[in-house]
Every structure is written in structure tokens, then in C-alpha cells.
Trainee: 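Please see the structure below; I have some questions.
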Amino acid sequence: MKLWGGRFQKDTDLLVNELNASISFDQRLYREDITGSMAHAAMLADCGIISKEDAAAITSGLEDILADIEAGKAAFTADNEDIHMNVEALLTARIGDAGKRLHTARSRNDQVALDFRMYVREQIPVIVGQLLELETVLCRQAKKHQTAVMPGYTHLQRAQPISFAQHLMAYAAMFRRDVTRLEDCGARLDECPLGSGALAGTTYPIDRWETAKALGFAAPMGNSLDGVSDRDYALELLSGLSILMMHLSRFAEEVILWCSWEFKFIELDDAYATGSSIMPQKKNPDVAELVRGKTGRVYGDLMSLLTVMKGLPLAYNKDMQEDKEPVFDAVDTVEMCLPVFAAMLDTLTVRPKNMARAASGGFINATDCADYLVRKGMPFRDAYMIVGRLVNMCIKSGDTLDTLPLKDFQSVSGAFGPDVYQALELKTCVGGRKVYGGPSPESVKMQIENIQKFVDARA
Ligand code: ARG
């Protein structure tokens with residue numbers, strides 16, 4: 001018979017049983033469930049609601065169940081619906097009446113809200129740790145390639161010269177915000193829903209501060225309806241993970257471009273690339289493509305849960321059982337992608353010559369040419385117009401600004417002197433951008449140091 005079978009006269013339809021049960025996926029919460037129950041039982045005893053002996057029997061029974069689950073020896077059944085009722089049933093089978101006292105002053109609604117919140121809380125440092133590892137790899141590669149000049153792009157058109165190091169540090173800045181976004185989520189979820197009961201709290205003289213503290217929360221949640229109703233912490237996690245995957249996916253896209261024959265800015269290590277079943281020459285960036293592809297499923301996870309929640313009246317509704325799989329899927333996906341992506345970046349070979357070659361075409365130093373005239377006293381808008389004319393001349397003659405004869409420069413403006421060639425060198429262009437946040441080696445060095453400090457502060 002069902003744990004709640006008292007008011008029913010018929011067995012549950014088999015298909016309903018299957019639809020209703022969540023044990024196939026929420027068994028992942030067994031540890032959180034047991035931890036929460038232990039804290040609840042201890043509090044019940046401290047408040048004189050159950051006896052110390054019962055609480056001790058519950059605790060040791062739950063410890064044994066935990067050990068059995070971890071040893072793969074516990075048998076869960078769909079008849080017991082979910083992890084909460086499976087654990088309770090196992091406990092009662094083991095210790096009898098004391099087990100039946102565990103659920104005093106509690107509902108599965110606050111129980112599941114607690115378990116899920118603890119699960120989300122535990123995943124944050126795991127993912128943050130992986131992000132910090134990725135940051136470390138980025139710093140390492142950036143340090144190695146501070147002088148590798150590459151084209152910076154807008155509209156995927158060569159725009160201005162930057163360094164490979166600065167490009168990497170741009171992603172490092174994004175991942176840094178991903179870390180703090182997750183930390184913010186962790187700070188906001190730091191309240192304990194246990195004691196909210198089904199929705200309206202309880203008449204028992206429980207101590208919600210005791211359980212909150214025992215379970216590592218700053219305080220109990222301040223409203224029992226809210227305590228069992230909201231899943232915003234899971235949505236914040238999914239939003240943070242979606243944004244993180246968006247960053248990772250843009251990076252993946254660039255890795256894919258960069259190892260194409262058209263670019264050849266980088267070469268992936270053999271261990272992080274794959275071959276083709278028909279084309280013997282192929283070396284494919286599957287890791288980056290999968291990361292890009294899996295971004296879609298993490299967005300889907302966020303959309304699923306947002307949609308599940310959007311029309312629900314307060315308080316608990318069974319729809320909310322659908323909260324877990326998207327979160328598990330997103331967590332699994334991100335935790336799978338981050339370390340592989342970091343290792344792929346750590347092991348790739350950079351081809352600075354190809355980067356420099358790409359940077360020397362496409363009039364990437366045109367802005368610097370205009371800036372040269374500005375330094376000679378010309379208003380920027382006039383300088384801009386003159387360089388536009390020079391670029392047009394070069395396109396016709398097949399020159400670049402670096403190879404255009406001085407007399408041609410001077411035919412457009414008398415302000416040009418022989419020092420223009422040095423001003424147009426890529427090294428000068430990058431090195432001159434010493435502005436805070438810019439690509440000059442000094443500026444990038446500061447960016448690397450700042451990220452390293454950020455990582456060290458969390459070590
Ligand atoms: N398995 C349920 C869930 O995941 C637990 C809460 C069930 N509560 C209820 N009143 N049916 O949401």
C-alpha cells in the first residue's frame with residue numbers, strides 16, 4: 001500500500017504510477033535528503049517533539065541507509081514514488097515506529113525544496129572550481145603568447161591588430177563574471193526552506209533556526225508559502241550556466257575557425273581532436289563543436305524550467321517535480337564541457353606566424369595611420385578621410401599601407417614623412433595601445449595579473 005494510501009480505496013493505475021514517480025531521477029538527491037532528515041530529527045528531539053532515543057535510532061538508521069545506497073545495496077521502488085518516500089520506507093522497515101516519527105512537522109514539499117536547494121548549493125563550488133581552472137589555463141597561454149599579434153575583428157572583418165593574449169584575456173574576463181554570477185546565486189539561496197511544511201508551516205514548536213544552522217544556511221526562509229513555492233535559485237543557476245555556455249560557445253566557434261585551413265592560427269593537440277571515417281586527411285575540432293552544440297541543451301533546460309514555473313499558483317504543484325531533470329542535465333553538461341575545453345586550450349599549439357600574416361593584410365593599421373596624422377596636428381575626421389583615400393589607392397595598386405611608396409602618401413597629404421612606416425608596424429600599433437584594458441603587452445600583463453589575483457583569492 002502507498003504511504004498515503006489511507007483515504008484511497010483502489011490501487012494507483014500502473015501508468016499513473018509510472019507518470020507520478022520521480023525516483024528514477026531524484027535518487028540523485030539521496031545524500032541531501034538524508035542530511036536534511038538527520039537535521040530535522042535532531043531538531044525534533046531538541047524541541048521535545050520526539051524522544052532522544054527515537055532521534056538516535058533515526059540517525060543511525062539513516063547512516064546505515066546512506067552506506068547501503070553508496071554501496072549500491074539499497075533497492076528503490078517506483079511504488080514509493082520519490083527519494084523522500086523511498087528513504088522513509090527503508091528507514092521504517094529498518095527501525096520501526098521511530099522511522100514513522102521522522103516526518104512529524106514536515107512535508108515532502110519543504111523536504112524537496114530543501115534537498116534541491118542543497119543540491120544547487122553544492123554544485124556551485126564545483127563549477128566555480130572548473131571555471132577557475134579554465135582561468136588558470138587562459139593566464140598560462142596568454143603569458144606564453146603576449147607578443148603574438150593577430151587581427152582583431154569586427155563583423156568578422158579584420159579591424160585592428162591585437163595580441164592573442166588579449167583575445168584570451170577577453171574570455172577570461174567573461175568567465176570571471178560567470179564565477180561571480182554563480183557566487184551571487186549561492187549567496188541568495190542561503191536560506192533554509194525546512195519548516196515551511198506543506199505550505200503553512202506547522203503547529204509544532206520546531207526551531208527553524210536550529211535546522212537552518214545545522215544545514216549550513218544563514219537563516220530560515222521568511223515565508224512558508226515562498227519556502228515551498230519558488231525555484232528561483234534553480235533558475236538563477238540555469239541562467240548562470242546558460243550565460244557561461246554562451247561564452248564557451250563563442251570561444252568554441254573561434255577555436256573552430258582558428259583551426260580551419262583558412263586561418264590556421266592554432267593547431268589542436270591530437271588528443272583533443274577527432275578524425276573522419278572517410279577523409280583520411282581530416283582532423284576535426286569535435287570538442288569545440290560539441291561544446292557549441294551542447295549550449296543549446298543548456299538553454300533548453302533554462303527554458304523548460306521557466307516554462308514549468310510560469311503559470312503555477314502558490315504553493316506547491318506537482319508540475320514542480322519537473323524542476324530536477326533540466327537542472328541535472330545542465331549541471332552534467334557544464335561539468336563535462338568545462339574541463340575538456342580547458343584541457344583542449346591548454347594543449348593547443350599557437351601559430352604566431354599565421355596570425356601575423358593575417359594581421360598584415362586587410363589594412364588593419366589604417367586607424368593607426370590616421371592617428372599618425374592626428375599626432376602631426378591634423379583633426380581626426382580629416383585624417384580618417386585621407387587614409388580612406390590611401391586605402392583606395394592601395395587596393396587599386398595591390399599595395400598595403402606598409403608597402404605604399406612615400407611619394408604616394410605625400411601625394412595625398414604633405415604631413416606624411418618617412419617615419420610613417422614605423423608607425424604602421426604591427427608591433428607599434430599593438431604596443432602603442434597602452435590604454436587600460438588595451439592589447440599592449442603592459443596592459444595585457446596587468447589583465448593577467450588581475451585574473452590571477454581573482455583566482456588566488458578563491459584558492
Ligand atoms: N517528488 C516530489 C517533487 O519532486 C516531492 C514533493 C511531492 N509533494 C507532493 N505533495 N506530492 O516535487
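Here the structure is a predicted model, which means the values were calculated and not measured. Residue numbers start at 1 and run along the sequence shown. Order of listing sets the numbers, starting from 1, for every ligand and every atom in it.
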Trainee: Could you list which atoms of ligand 1 come closer than 4.0 Å to a heavy atom of Asp82?
Mentor: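 Listed by number with element: 1 (N), 2 (C), 5 (C).
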Trainee: Does a donor on one side chain sit under 3.5 Å from an acceptor on the other, for Arg106 and Ser37?
Mentor: yes
Trainee: Please confirm whether the ring centroid of Tyr30 lies under 6.0 Å from the ring centroid of Phe76.
Mentor: no
Trainee: Can a salt bridge be assigned to the pair Asp82 and Lys324 using a cut-off of 4.0 Å between side-chain N and carboxylate O?
Mentor: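 No.
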Trainee: Hey, could you give me the CD/CG distance between Gln123 and Leu237, rounded to the nearest 0.5 Å?
Mentor: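 Those atoms lie 8.0 Å apart.
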Trainee: Counting each atom of ligand 1 from 1 as listed, which ones have a heavy atom of Lys324 under 4.0 Å away?
Mentor: 3 (C), 4 (O), 12 (O)
Trainee: Give, for atom OG of Ser51 and atom CG of Leu44, the distance between the pair rounded to the nearest 0.5 Å.
Mentor: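 Ser51 OG to Leu44 CG: 10.5 Å, rounded to 0.5 Å.
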Trainee: Is there at least one pair of N or O atoms, one from Tyr316 and one from ligand 1, spaced under 3.5 Å apart?
Mentor: yes
Trainee: Indicate yes or no: does an N/O atom of His84 lie under 3.5 Å from an N/O atom of ligand 1?
Mentor: no
Trainee: Quick one: nearest non-hydrogen protein atom to atom 11 (N) of ligand 1, plus distance?
Mentor: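 Going by distance alone, atom 11 (N) of ligand 1 is nearest to Arg108 NH2, 3.5 Å.
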Trainee: Using a strict 4.0 Å threshold on nitrogen-to-oxygen distance, state whether Asp97 and Lys100 make a salt bridge.
Mentor: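 Judged by the 4.0 Å cut-off on N to carboxylate O distance, Asp97 and Lys100 do form a salt bridge.
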Trainee: Give the atoms of ligand 1, by number and element, whose distance to some non-hydrogen atom of Gln321 is under 4.0 Å.
Mentor: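 Contacts of ligand 1 toward Gln321, numbered from 1: 1 (N), 2 (C), 3 (C), 4 (O), 12 (O).
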Trainee: Could you check whether Arg181 pairs with Asp178 (Lys NZ or Arg NE/NH1/NH2 to Asp/Glu carboxylate O, under 4.0 Å)?
Mentor: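 Between Asp178 and Arg181 there is a salt bridge, with a charged N closer than 4.0 Å to a carboxylate O.
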Trainee: So which heavy atom in the protein is nearest atom 8 (N) of ligand 1, and how far is it from that ligand atom?
Mentor: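 Answer, as residue, atom name and distance: Asn109 OD1, 2.9 Å.
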Trainee: Which of the atoms of ligand 1 are close to Ser22, meaning less than 4.0 Å from one of its heavy atoms?
Mentor: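 The atoms of ligand 1 under 4.0 Å from a heavy atom of Ser22 are 1 (N).
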Trainee: Once you restrict to heavy atoms under 4.0 Å, what part of Gln111 touches ligand 1? Side chain, backbone, both or neither.
Mentor: neither
Trainee: Determine whether the side chain, the backbone, both or neither of Asp323 has a heavy atom under 4.0 Å from any heavy atom of ligand 1.
Mentor: neither
